[in-house]
Amino acid sequence: MKAITIKEPGGPEVLEWTEVDDPAPATGEVVIDVVATALNGADVAQRLGLYPVPPGASPYPGLEVSGRISALGEGVSGWQVGQEVCALLTGGGYAQKVAVPAGQLLAVPKGVGLVEAAALPEAAATVWSNVVMTARLAEGETFLVHGGAGGVGTMALQIAKALGARVVTTVSGADKTARVRELGAEVTIDYRGEDFADFGPYDVILDVIGGQYLERNVQSLALDGRLVIIGMQGGFEGRLDLVELVFKRKSVFGTTLRSRSGEQKAEIVAALQEHVWPMIEAGAVRPIIDQVLPMSQAARAHQLMADSQHVGKILLVNE
Ligand SMILES: NC(=O)c1ccc[n+]([C@@H]2O[C@H](COP(=O)([O-])OP(=O)(O)OC[C@H]3O[C@@H](n4cnc5c(N)ncnc54)[C@H](OP(=O)(O)O)[C@@H]3O)[C@@H](O)[C@H]2O)c1
């Protein structure tokens, strides 16, 4: 098969469409003939040499795919060869084939095309695991997501709205502001000229910025508020005011999806199937796709991600 390999750490040009060995399914795994994959921040970090591949994971980038099952490993039940699926991966999605534990497979939701389904697993798993399983966002609470126009952000807006939260987001520019409003943001804050701290308090914040926003994020939380940090685009360090944390019973979490165990990923995937897939099938949540490029143009797709003009996800398809 072919896969996108990383020649050496560097810019998008180090991504190469290369002939490599086919994967074989280990016990409990299936092999998927990949129809599409989607870009994630972790792929960029891996390309730059800043994100070591977790032990046992495929060396190729790609944390989610859609496609058709082409082989079943020993001990797999409930799935058939030829079945259309999407999957949460620990790596290896930028390829023609990928092996994945059966616990990380999802049915393609009704009403969603097979290519589009590649946009769902990583963003939905990130949002559900952090916003619901960790931060326990409840109906009627105020939720702030930073970067509402991004791949994670567009999913977070929709899921939070479907849960009955009041949704607030940071976003840049008039066009993206209009898009995030369509997706459920009641309050939009243009982070280039406005300060989200002036629009709080927030019960739950999902943060992709990290250090630069830490102090203001904590200040902006309501009593008993929960901050979950999943990205560090704004630096690795910040000031944490413990008086705010202790006396206002605020919590700060940091998590990564990719390094979670297979058992934890399977638990999250089962929760998606139970709670988020019905939201998708009811039309309350949908995959938001900015562009679809051929897999061989992964370098161009990474450049688009760096340019940050996109809304939602950038997909790569096998031709
Ligand atoms: N820990 C985990 O498990 C996990 C899982 C998935 C993703 N992530 C991380 O989450 C982040 C977002 O991922 P993604 O796939 O959604 O990437 P993306 O599509 O590139 O989105 C990035 C978003 O960040 C926004 N942004 C940039 N600077 C900002 C600022 N100063 N204030 C507010 N927003 C700002 C951008 O907003 P504009 O477009 O409006 O400029 C953009 O919408 C990445 O850092 C990724 O690594 C972590």
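All ligand and atom numbering here is 1-based and tracks the order in the structure.
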Would you say the side chains of Gln46 and Arg258 form a donor-acceptor pair under 3.5 Å? yes
For Asp241 and Gln219, which I'm curious about, is there any donor-acceptor pair between the side chains at under 3.5 Å? no
Thr142 backbone acceptor or donor facing Asp203 side chain under 3.5 Å: yes
What short N/O contacts, under 3.5 Å, does ligand 1 make with the protein, listed by atom pair and distance?
| residue | atom | partner | partner atom | Å |
| --- | --- | --- | --- | --- |
| ligand 1 | 1 (N) | Ile230 | O | 3.0 |
| ligand 1 | 1 (N) | Thr255 | O | 2.8 |
| ligand 1 | 3 (O) | Leu257 | N | 2.8 |
| ligand 1 | 16 (O) | Gly151 | N | 3.1 |
| ligand 1 | 16 (O) | Val152 | N | 2.8 |
| ligand 1 | 19 (O) | Gly151 | N | 2.9 |
| ligand 1 | 19 (O) | His310 | NE2 | 2.8 |
| ligand 1 | 20 (O) | His310 | NE2 | 3.3 |
| ligand 1 | 24 (O) | Gln233 | NE2 | 3.3 |
| ligand 1 | 31 (N) | Tyr213 | OH | 3.1 |
| ligand 1 | 32 (N) | Tyr213 | OH | 2.6 |
| ligand 1 | 39 (O) | Lys176 | NZ | 2.5 |
| ligand 1 | 40 (O) | Ser172 | N | 2.9 |
| ligand 1 | 40 (O) | Ser172 | OG | 2.9 |
| ligand 1 | 41 (O) | Ser172 | OG | 2.9 |
| ligand 1 | 41 (O) | Tyr191 | OH | 2.5 |
| ligand 1 | 43 (O) | Gly150 | N | 3.1 |

If we only count heavy atoms from C-beta on, is the Val269 to Leu105 side-chain gap below 4.5 Å? no
Kindly compute the distance separating CD1 (Ile229) from CG (Leu214), expressed to the nearest 0.5 Å. 5.0 Å
Hey, is the main chain of Lys2 close enough, under 3.5 Å, to the side chain of Gln96 for a donor-acceptor pair? yes
